[in-house]
Amino acid sequence: MSFKTAARYTLRTIQTLCGVAVFTNYVAEIRLSYGPSMVPTFSASPNLVLGECISPRLNPPNLRRGDIITFLKPTQHSVSVCKRILAMPGDTISVDPLGGPGAPRVVIPAGHIWVQGDNPDHSLDSRAYGPVPMGLVKSRVVARA
Amino acid sequence: MWARFKNGFRKEHLYWVPPAIFVNTQVVTITNVRGRSMQPTFNPDSNQLFSDVVLLDRASTSPWITWYGQYFGIWRPKFERGDVIVLRSPDDPTKRIIKRIVATEYEVVKTLPPHPDPVVQVPQGHVWVEGDEPFHSKDSNYFGPASLGLVEGKIKGIVWPPSRIGPVPSPPPARTAKRVFKGWPGMSERIGKQAGGSPGVIVYGDSLDKNP
């Protein structure tokens, strides 16, 4: 193989990798989800999920109550977390719905969302670290394998 | 390769679009600074007709580059006091703001109005950001500590206007003098108990004024 074709193959590989990186950042991504926090929606063993990254970047973001989203963990931004949105900005949410009429409530500030796993007994979510800023949301999950 | 451009636009040129987008969003880019919250560091003229153009380093927050850099042990980006960063506003995810880091995780900050608490410990993985101009800045004194996941890049230097080309100027020290203190994980319960009762008796670590 001549130097010219080798160089061209290398260049095409780099260009394709850049295309893949931009695609997974801005259009859609496939990830593995671990952990029991979203049982029964996702199984506790690793699940392939397909998330679309366009919705969180729109103005205003196309996120609604009930959407499953992946976002960066607020205290550790190298980790991604997958949970469900329970409350949008301006809503008042009761932190523990079984706590009775005097249970603490939280008013969601502007630009933040309240997230909770579908398996609340085994989920570390907004009940521990409070409302999450919407800027941390990376994608909205649309399909599961 | 340059001879090909003489034939006009060809399909091969489209192959350069993904690397161009990648470099612009994950490696380095230039952007202009709007607003007055970082005066006199950026936009020192009060007429707001001309805005500074700055060099933005996005590799330190790019998940692709930082992941590979850490995996091979060659690079670990750090965000320290004094860095000017671009972050998505916690109040409005569609807006980007430019502020300076005043305190990193676990450090204790004496807040300015309009923050409701007199003293705040910055949680793990968060930073306390403030604009250099205290009266025109909507910063952590307004929305509290910001998660590092919101940070989109670090500003490395000014590229326009030519009279101020160079690295980012350091802040005037009086802005944060005697307001940032060393802290350690697990301190906030003690601050909460003491700050409510006697604000003068809070015990925290040394002042960090020596390293502005």
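Each chain gets a letter, A, B and so on, in the order the sequences are listed, and its residues count up from 1. As a basis for the values below, the full set of heavy atoms in this structure was taken, side chains included, without hydrogen atoms, waters or symmetry mates.
- Most heavy-atom pairs under 4.5 Å with chain B, from the set A/Leu58, A/Asn25, A/Val132: that is A/Asn25.
- The number of heavy-atom neighbours closer than 6.0 Å to OH of B/Tyr106, taken from other residues, nucleotides and ligands shown, is above 12.
- By number of non-hydrogen pairs under 4.5 angstrom with chain A, the leading residue of B/Gly125, B/Pro90, B/Pro123 is B/Pro90.
- The contact between B/Thr94 and chain A is made entirely by side chain atoms (from C-beta outward), counting heavy-atom distances below 4.5 Å.
- Contacts between A/Pro74 and chain B at a heavy-atom distance below 4.5 Å involve backbone atoms as well as side-chain atoms.
- In this structure, A/Pro133 and B/Leu150 approach most closely via the heavy-atom pair CG-CD1, 4.0 Å.
- Residue A/Leu17: no heavy atom, backbone or side chain, is found under 4.5 Å from chain B.
- B/Pro93 and A/Met134 get closest at one heavy-atom pair: CG-CB, 3.6 Å.
- Only the side chain of A/Thr24 comes within contact range of chain B, judged by heavy atoms closer than 4.5 Å.
- Residue A/Arg127 places its CZ atom among more than 12 non-hydrogen atoms of other residues, nucleotides or ligands, all under 6.0 Å distant.
- Enclosure of atom CZ in B/Arg34 is not indicated, since only 12 or fewer non-hydrogen atoms of other residues, nucleotides or ligands lie within 6.0 angstrom.
- In this structure, B/Pro18 and A/Gln15 have side chains that are not in contact, with every pair of non-hydrogen atoms separated by 4.5 Å or more.
- Other residues, nucleotides and ligands place no more than 12 heavy atoms under 6.0 Å from the CD1 atom of A/Ile30.
- Atom CG of A/Leu136 and atom OG of B/Ser147 lie 4.5 Å apart (nearest 0.5 Å).
- Between chain A and the options B/Glu152, B/Gln124, B/Glu105, the largest number of non-hydrogen pairs under 4.5 Å is found for B/Gln124.
- When heavy atoms are compared at a cutoff of 4.5 Å, A/Tyr26 approaches chain B solely by way of its side chain, counted from C-beta outward.
- Considering all non-hydrogen atoms of both residues, A/Ala21 and B/Trp64 come closest at CA-CZ2, 3.5 Å.
- Close approach to chain A, defined as a heavy atom under 4.5 Å from one of its heavy atoms, is seen in B/Thr25, B/Gln26 of residues 24-32 of chain B, taken by number.
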